[in-house]
Q: 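Structure incoming, see below.
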Amino acid sequence: MRIGIVCSGGDAPGMNAAIKKFVEISYQLGYEPYFIYDGYEGMIDGHIKKANYSDISGIIHRGGTIIRSSRSKRFFEYKYRKQAYENLKKEKIEHIIVLGGDGSFRGLDVLSKEFDLSFIGIPSTIDNDIPFSDYSIGVDTALNVIRDCIDNIRDTASSFKRAFVIETMGRECGYLAAVSAIANGAEICMIPEINFDWEKVKKRLIKEFENGRNYLIAVVAEGCKSTWKMAKWIEENFNIETRISVLGHIQRGGKPTVRERLIAGEFVCVALNNLDEKNKVVVKQGDKYSFVDIQTLVSSSYKLDKKIIEMLNFLD
Ligand code: F6P
């Protein structure tokens with residue numbers, strides 16, 4: 001049986017570790033592994049090739065994805081999905097593993113309903129916003145990259161007695177910002193999931209400045225769209241020079257962490273050993289992997305772990 005692997009949407013560190021495992025396990029199980037390059041754009045244009053061991057040597061430590069990715073607008077149109085299916089059919093690919101987020105899973109679900117094809121989704125996004133899964137490939141590395149950035153910013157913030165507002169990625173999800181704020185000991189954290197109580201935070205920080213605080217780190221999730229507002233508010237209320245640092249795509253790159261590589265491999269093992277779980281997504285809850293039906297998944301939204309929210313409460 002021929003199985004394809006495709007990356008769709010934002011790339012994430014650990015995708016290469018998953019791709020390597022995909023090829024190795026496919027051969028072990030007697031399948032023929034195929035790469036679909038350039039995401040759904042490449043599926044439409046027929047960028048498909050049989051994978052071999054030389055393709056996967058020297059890739060496990062690299063961020064990004066060697067088979068590249070895309071956000072395909074054409075895939076929304078039936079005529080291009082048909083073209084994509086015809087390319088897959090020509091290569092006799094019956095099953096696809098997709099590394100991406102829920103939008104990407106939704107796209108393949110449409111394709112699998114229109115044509116004779118099945119897929120398994122593996123959560124892969126630094127945003128970590130896939131419902132039912134407490135882990136998505138890429139998030140551990142992104143958190144470690146953010147940790148290093150904030151540690152560096154802290155050096156200059158403390159030397160200058162300045163406040164820094166640091167914007168993290170994550171779309172509408174505050175996971176990256178929340179965990180980074182906790183792990184980096186930020187004084188302020190603003191995420192879309194929690195209503196920010198300006199007055200309460202102001203009262204706490206006034207006391208802290210009276211009691212010796214001389215610099216400030218605020219982490220704001222991009223989904224709040226309040227980075228500049230936060231900087232202005234800090235300057236106006238605490239009389240401290242403030243700088244903004246939007247971390248941007250730096251968060252998406254870098255060498256995947258050990259945890260990332262291990263979990264990426266586990267996701268792929270679970271997917272390839274359960275190909276009869278058609279049109280489902282592998283999710284990880286604690287140490288357990290299971291499958292969630294695509295409809296259930298796309299009709300739900302990601303909820304930030306209560307424990308994380310509790311840990312943030314001390315920042316009120
Ligand atoms: O979904 C991953 C992500 O990095 C988001 O955190 C961010 O909002 C978005 O992708 C950026 O997308 P692009 O790389 O297309 O600018």
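Note that the numbering runs from 1 along the sequence shown for the chain. Remember, it's 1-based here, ligands and their atoms both numbered in the order they're listed. As the structure is a prediction and not an experimental result, all values here were calculated from the model. Because only heavy atoms are used, hydrogens play no part in the values below, and waters and symmetry mates are left out as well, while side chains stay in.
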Q: Within the distance-only criterion (no hydrogens, no angle test), does the side chain of E167 pair as donor or acceptor with the backbone N or O of E222 below 3.5 angstrom?
A: no

Q: Under 4.0 Å from a heavy atom of E222: which atoms of ligand 1 are those, numbered in the order shown and with their elements?
A: 5 (C), 6 (O), 7 (C), 8 (O)

Q: Would you give the length of the straight line joining atom CZ of R62 to atom OG1 of T65, rounded to the nearest 0.5 angstrom?
A: 9.5 Å

Q: Please identify which atoms of ligand 1 are closer than 4.0 Å to at least one heavy atom of G170.
A: 6 (O)

Q: Treating D127 as the side-chain partner and D129 as the backbone partner, does any N or O pair qualify as donor plus acceptor under 3.5 Å?
A: no

Q: Looking only at protein heavy atoms, which one is nearest to atom 6 (O) of ligand 1, and how far off is it?
A: D127 OD1, 2.6 Å

Q: Main chain of C173, side chain of E193: is a donor-acceptor contact present, judged purely on distance under 3.5 Å?
A: no

Q: With a 4.0 Å heavy-atom cut-off (strictly under), which part of R71 contacts ligand 1: side chain, backbone, both or neither?
A: side chain

Q: Starting from the C-alpha separation in whole Å, work towards a yes-or-no answer on side chain to side chain donor-acceptor pair (under 3.5 Å) for Y34 and R2.
A: CA-CA 7 Å; Y34 275 74; R2 296 185 173 183; 3.2 Å; yes

Q: What protein heavy atom is closest to atom 16 (O) of ligand 1, reported as residue, atom name and distance in Å?
A: H249 NE2, 3.2 Å

Q: When you measure from atom 3 (C) of ligand 1 to every protein heavy atom, which one gives the shortest distance, and what is it?
A: R252 NH1, 3.5 Å

